[in-house]
Amino acid sequence: VRGPKKHMKRLSCPSHWMLDKLGGVFAPKPSAGPHKQRECLPLALILRNRLKYALTYKEVMSIVMQRLIKVDGKIKMDKCYPVGFQDVVEIEKTDEHFRLIYDPK
């Protein structure tokens with residue numbers, strides 16, 4: 001009950017996250033950080049839903065806790081870190097770099 005809420009209902013999350021209605025009740029809520037809650041994607045959604053590096057939230061946590069993910073050149077261990085427009089997500093093991101850009105369609 002105490003402190004900020006750590007969950008967000010799936011139906012109330014921004015539509016640009018493109019989450020399906022029947023995929024569960026909750027969605028990861030972005031942590032406080034450099035981007036607004038409505039204008040960002042949590043790191044967990046990027047790794048699980050967009051890049052398909054993990055199938056579950058627990059797998060995302062294990063990837064992040066191994067310090068394999070960099071956002072804008074800095075290692076991030078927060079699974080719900082807010083990744084915003086023009087941020088670069090780097091995965092060191094596979095030597096891949098992704099820049100977050102919105103699709104206007």
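Here the structure is a predicted model, which is why all the values come from computation and not from measurement.
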Side chain to side chain, [X] and [Y], heavy atoms closer than 4.5 Å:
X	Y	value
E92	K70	yes
Y81	P42	no
V88	V71	no
C80	P30	no

Taking [Y]'s backbone N and O only, do any of them form a donor-acceptor pair with [X]'s side chain (distance below 3.5 Å, no angle check)?
X	Y	result
D20	L22	no
R48	E59	no
K29	K5	yes
W17	C40	yes

Working to the nearest 0.5 angstrom, can you tell me the gap between [X] [atom1] and [Y] [atom2]?
X	Y	atom1	atom2	result
D87	R99	CG	CZ	8.5 Å
M61	M77	CE	CE	10.5 Å
I69	E90	CD1	CD	10.0 Å
L43	K79	CG	NZ	10.5 Å
L19	F26	CG	CZ	14.0 Å
Q86	H35	CD	NE2	10.0 Å

Exercise for the section: Would you kindly confirm whether F98 and V83 end up in one hydrophobic cluster when ILVMFWY residues are joined by side chain heavy atoms under 4.5 Å apart? Expected result: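 Yes, F98 connects to V83 through the hydrophobic network.
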
Problem - Verify same cluster id: L100, L47 (apolar side-chain graph, 4.5 Å) - result: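 Yes, because L100 and L47 connect within a single hydrophobic cluster, where side-chain heavy atoms sit under 4.5 Å apart.
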
Practice task
Verify the neighbour count for atom CZ of R67: are there more than 12 heavy atoms of other residues, nucleotides or ligands below 6.0 Å?
Solution key: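 Open: at most 12 neighbouring heavy atoms sit under 6.0 Å from CZ of R67.
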
Exercise for the section: Apply side chain to side chain contact (heavy atoms under 4.5 Å, CB included) to the pair I91 and I63, showing each step before the final yes or no. Expected result: CA-CA 10 Å; I91 300 162; I63 291 170; over 6 Å; no

Practice task
Verify side chain to side chain contact (heavy atoms under 4.5 Å, CB included) between M18 and H16, making sure each step is shown before the conclusion.
Solution key: CA-CA 5 Å; M18 293 186 286; H16 67 85; 5.9 Å; no

Handout entry: Which atom of A44 lies closest to which atom of P28, heavy atoms considered
Key =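 Closest approach of A44 to P28, heavy atoms only: CB-CG, 4.3 Å.
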
Practice task
Would you check, one step at a time, whether the test side chain to side chain contact (heavy atoms under 4.5 Å, CB included) holds for L11 with K21?
Solution key: CA-CA 7 Å; L11 289 176; K21 282 193 234 176; 3.6 Å; yes

